[in-house]
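See below for the structure under consideration.
The chains referred to below are lettered A, B, ... by the order of the sequence lines, with proteins before strands, and numbering in each begins at 1. Values reported hereafter were calculated over all heavy atoms of this structure, with side chains retained and with hydrogens, waters and symmetry mates removed.
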Amino acid sequence: MVITRFAPSPTGYLHIGGLRTALYSYLWARKNGGKFLLRIEDTDLKRNSIEAAKAIEEAFEWVGLEHDGEITYQSKRFDIYKSYIQKLLDEDKAYYCYMTKEELDKLRESQMKAKQRPRYDGRYRDFKGTPPEGVKPVVRIKAPTNETITFDDGIKGEISVNTDDVMDDFIIARSDGTPTYNFVVAIDDHDMSVTDIIRGDDHLSNTPKQIVIYKALGFDIPRFYHIPMILNPSGKKLSKRDGAMDVMEYKKEGYLPEALLNFLVRLGWSHGDQEIFSLQEMIELFDPKDINKSASAYNAEKLLWLNSYYIKEASYERVIKELKYFDVDLSSIDKKEILIDSLRERAKTLKEMAQKTKNILDRPKNYDEKAVKKFLKNDAKEIAEKFLIYLQEYKGKLRTPLEFEEALKDFMEKNSLKLKNIAQIIRISIVGTAVSPSIYDIMAVVGKDELITRIKNLINFMEVNNE
RNA sequence: GGCCCCUUCGUCUAGCGGUUAGGACACUGGCCUCUCACGCCAGUAACACGAGUUCGAGUCUCGUAGGGGUCACCA
């Protein structure tokens with residue numbers, strides 16, 4: 001049984017790096033038919049963990065990751081931590097330290113002055129005397145001295161450190177009795193039966209400390225996988241300044257969740273030359289041993305490319321559903337399939353697609369200045385008027401793009417016009433700019449009557465504009 | 001600074017002792033064309049450096065340089 005977990009601290013939202021870690025944990029659990037657990041690391045009571053949990057669940061729901069079982073809140077487990085601390089105290093594997101914060105700071109300072117590494121000196125490690133009055137003690141663990149700790153990281157390989165280099169008798173309970181991070185992580189991962197810990201490699205240096213706790217309590221040590229960080233495009237650590245850290249921000253910007261997941265899974269992981277992965281394929285193919293050792297930079301263009309790929313692949317129903325989020329309701333539009341197909345080729349995000357949809361569905365409020373200057377000159381007005389009359393007198397069916405195309409061809413033939421002479425005039429009349437999908441498509445989408453109205457409007461505009 | 005980790009095109013990566021070092025994004029050119037896109041075709045572009053091991057090294061070993069992480073009564 002493989003049990004993985006995702007254990008964010010409640011910052012209020014799920015960020016992109018966290019989502020990738022969660023995704024890897026999720027995939028590995030699902031691939032092995034195991035469980036994927038969620039835990040909120042809220043030992044710092046000042047932060048609102050309920051809000052954070054909600055935000056994370058909302059993000060998980062959007063991308064389609066499901067965690068198993070109830071969410072574990074560390075804030076509700078203080079009694080459990082306390083009993084484990086007492087156990088270590090009773091077994092003489094931990095001890096009270098009466099050194100005050102001031103004394104500690106002083107010690108640190110003098111060590112730094114002597115160019116030594118700041119380090120607790122272990123003065124209460126074997127203390128038997130009467131404790132000083134009025135000092136609330138912290139609890140420190142008796143960390144092994146000059147011992148080599150070795151573990152086999154599933155990504156980085158064998159890692160081995162000397163305890164003297166990386167730890168002192170670190171604090172497991174503060175003077176107010178609350179437990180510290182490295183302690184609770186070890187307890188929780190054990191209590192939740194986590195077998196495979198997948199986390200960012202910024203935790204690599206915490207691992208030996210947690211192993212010390214595992215050993216002191218006689219717990220089995222899980223497998224560790226330390227995945228490299230995600231860097232910003234300039235190769236620095238990703239921070240809020242780089243924008244769009246919140247996963248839900250991607251929804252607002254018009255990204256499809258499958259594009260985001262596909263992008264994230266390929267950041268640091270690959271399967272040969274394959275670029276496109278459905279969630280199902282990811283589950284089948286994912287293996288942490290294929291994760292790269294080095295950090296990878298966030299590449300916004302690739303995400304956009306992936307997003308446009310998935311927009312092109314999406315069903316009509318899906319597109320209509322997603323567009324509603326951007327206040328565009330296509331469900332009752334007659335030629336919605338034509339509209340969707342011509343727009344999905346031109347939009348990299350749903351947000352963009354929604355805007356372009358509005359540009360076609362709504363009458364132009366004004367006409368693009370450059371387009372007017374370039375295309376509405378000479379006999380443009382005359383051509384527009386002729387075409388207007390032609391449309392008004394047209395007897396045949398005029399509904400599909402093909403029918404519009406044939407009508408236009410007939411019109412051009414009768415008036416010895418080239419497509420170049422009229423295409424932009426029609427386009428501007430419909431959308432107000434010189435850029436749009438095929439004029440046949442948009443003529444069919446707005447329909448004959450609306451087309452006539454828009455051409456009239458343009459003629460009016462040209463009249464006014466010329467005076 | 002100590003300790004730990006990392007290093008293939010600009011970016012994401014393939015490679016697991018013998019390859020014209022492959023793919024993708026981006027970029028450039030071409031085709032298509034009613035504009036803009038899509039699509040298709042083509043092109044530019046990388047093994048950080050230095051020693052070894054080996055008949056042979058991007059691949060193994062060791063250095064050097066550079067980058068990152070971490071050293072709290074934060075998580």
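Residue A:Trp305 places its side chain closer to B:rA24 than to any other of B:rU7, B:rA24, B:rU35. With B:rG68, B:rA26, B:rU35 as the choices, the nucleotide that has an atom nearest any side-chain atom of A:Arg427 turns out to be B:rU35. Closest to the A:Ser438 side chain, of the nucleotides B:rA24, B:rG68, B:rU35, is B:rU35. Proximity note for A:Arg108 (side chain, C-beta onward) versus B:rA37, B:rC3, B:rC73: the nearest is B:rC73. Closest contact between the side chain of A:Ser296 and the listed nucleotides B:rC4, B:rU13, B:rC5 involves B:rU13. Side-chain atoms of A:Asp165 lie closest to B:rC3 of the nucleotides B:rC3, B:rA75, B:rC34. Closest contact between the side chain of A:Glu275 and the listed nucleotides B:rA24, B:rC38, B:rC3 involves B:rA24. Closest approach to the A:Ala297 side chain among B:rC12, B:rC5, B:rC34 is made by B:rC12 (side chain taken as heavy atoms from C-beta onward). Taking the side chain of A:Arg266 as heavy atoms from C-beta on, and the options B:rG23, B:rC38, B:rU11, the nearest nucleotide is B:rG23. Proximity note for A:Lys237 (side chain, C-beta onward) versus B:rC34, B:rC6, B:rG69: the nearest is B:rG69.
At least one donor-acceptor pair closer than 3.5 Å links the side chain of A:Thr180 to the backbone N or O of A:Ile171. A donor-acceptor pair under 3.5 Å links the side-chain atoms of A:Glu103 to the main chain of A:Thr100, judged by distance alone.
For B:rG68, one of the phosphate oxygens OP1 or OP2 lies less than 4.0 angstrom from a side-chain nitrogen or oxygen of A:Lys236. The phosphate of B:rA14 (OP1 or OP2) has a side-chain N or O of A:Asn292 nearer than 4.0 angstrom. For the pair A:Ser436 and B:rU35, the criterion of a side-chain N or O lying under 4.0 Å from OP1 or OP2 is not met. One finds no side-chain N or O of A:Lys420 lying less than 4.0 angstrom from the OP1 or OP2 phosphate oxygen of B:rC34. Taking only side-chain nitrogens and oxygens, A:Lys312 comes nearer than 4.0 Å to OP1 or OP2 of B:rG39.
Looking at A:Arg427 and A:Ser436, their side chains do bring a donor and an acceptor atom within 3.5 Å of each other. A:Asp196 and A:Thr4 are not linked by any side-chain donor-acceptor pair at a separation below 3.5 angstrom, with hydrogens and angles left out of the test. Side-chain polar atoms of A:Tyr181 and A:Asn206 form no donor-acceptor pair below 3.5 angstrom. A donor atom on one side chain and an acceptor atom on the other are found under 3.5 Å apart for A:Asn182 and A:Gln210.
Figure legend. B:rG56 is base-paired to no nucleotide; pairs are counted as Watson-Crick or G-U wobble with both atom distances under 3.5 Å. Checking B:rC40 for Watson-Crick or G-U wobble geometry (two distances, each under 3.5 Å) identifies B:rG30 as its partner. Base pairing of B:rC16: no nucleotide in any strand meets the Watson-Crick or G-U wobble criterion (both distances under 3.5 Å). For B:rA45, there is no paired nucleotide, since no Watson-Crick or G-U wobble pair has both relevant distances below 3.5 Å. In this structure, B:rU70 forms a base pair with B:rG2, meeting either the Watson-Crick or the G-U wobble geometry with both donor-acceptor distances under 3.5 Å. In a base pair of the Watson-Crick type (N1 to N3 plus N6-O4 or O6-N4) or a G-U wobble (N1-O2 and O6-N3), with each distance short of 3.5 Å, B:rU61 is matched with B:rA51. Here B:rA24 sits opposite B:rU11 as a Watson-Crick or G-U wobble pair (both hydrogen-bonding atom distances under 3.5 Å).
Mapping A:Arg346 and A:Ser270 onto RNA chain B via the closest heavy atom, the residue that lands nearer the 5' end is A:Ser270. Between A:Asn162 and A:Tyr181, the residue anchored nearer the 5' end of RNA chain B, judged by the nucleotide with its closest heavy atom, is A:Asn162.
B:rU8 and B:rU13 have their P atoms separated by 9 Å, given to the nearest Å. Here the separation of B:rU53 from B:rC3, taken at their P atoms, is 29 Å to the nearest Å. Nucleotides B:rA21 and B:rA14 are separated by 10 Å at their C1' atoms, to the nearest Å. Between the P atoms of B:rG58 and B:rC47, the separation comes to 11 Å (whole Å). Between the C1' atoms of B:rG69 and B:rU61, the separation comes to 26 Å (whole Å). The same atom, C1', is picked in B:rG30 and in B:rG67; the two are 40 Å apart, to the nearest Å. B:rC9 and B:rA46 are spaced 4 Å apart, taking the C1' atom of each and rounding to whole Å. Only the P atoms considered, B:rC16 is 22 Å distant from B:rC55, to the nearest whole Å.
Going from atom CD of A:Gln274 over to atom C1' of B:rC25 covers 16 Å, rounded to whole Å. Rounded to whole angstrom, the span from the CZ atom of A:Arg199 across to the C1' atom of B:rU70 amounts to 13 Å. Atom pair A:Gln355:CD and B:rC36:P shows a separation of 20 Å (rounding to whole Å applied). What separates CG of A:Leu231 from C1' of B:rC6 is a distance of 11 Å, to the nearest Å. Atom P of nucleotide B:rC71 and atom CZ of A:Arg119 are separated by 15 Å, given to the nearest angstrom. For the pair A:Asn206 CG and B:rU70 P, the computed distance is 9 Å after rounding to whole Å. We find that CD1 of A:Ile155 is positioned 15 Å from C1' of B:rC4, with the value rounded to whole Å. To the nearest angstrom, P of B:rC71 lies 17 Å from CG of A:Asp169.
Judged by the 6.0 Å and 45° rule, A:Arg199 forms no cation-pi pair with A:Tyr225.
A:Tyr440 comes within 4.0 angstrom of a nucleotide base, judged by non-hydrogen atoms across all strands. Residue A:Pro437 is classed as a base contact, given a heavy-atom separation below 4.0 Å to a base. If you check every strand for non-hydrogen atoms under 4.0 Å, A:Met412 touches nothing. At a threshold of 4.0 angstrom between heavy atoms, the contacts of A:Val166 are confined to the sugar-phosphate backbone, with no base atom among them. In this structure, A:Gly200 reaches neither bases nor backbone, as no heavy-atom distance under 4.0 Å exists between it and the strands shown. Using a 4.0 Å heavy-atom criterion, one finds that A:Leu267 contacts the sugar-phosphate atoms exclusively.
Side-chain contact between A:Leu451 and A:Ile430: present, with at least one pair of heavy atoms (C-beta onward) separated by less than 4.5 Å.
The base of B:rA24 is paired with the side chain of A:Lys302 by a donor and an acceptor separated by under 3.5 Å. No hydrogens or angles were tested; on distance alone, nothing pairs the side chain of A:Asp201 with the base of B:rG69 as donor and acceptor under 3.5 Å.
A distance of 6.0 Å or more separates the ring centres of A:Trp269 and A:Tyr24.
The existence of a salt bridge linking A:Arg123 and A:Asp121 is confirmed by a sub-4.0 Å separation between a basic side-chain nitrogen and an acidic carboxylate oxygen.
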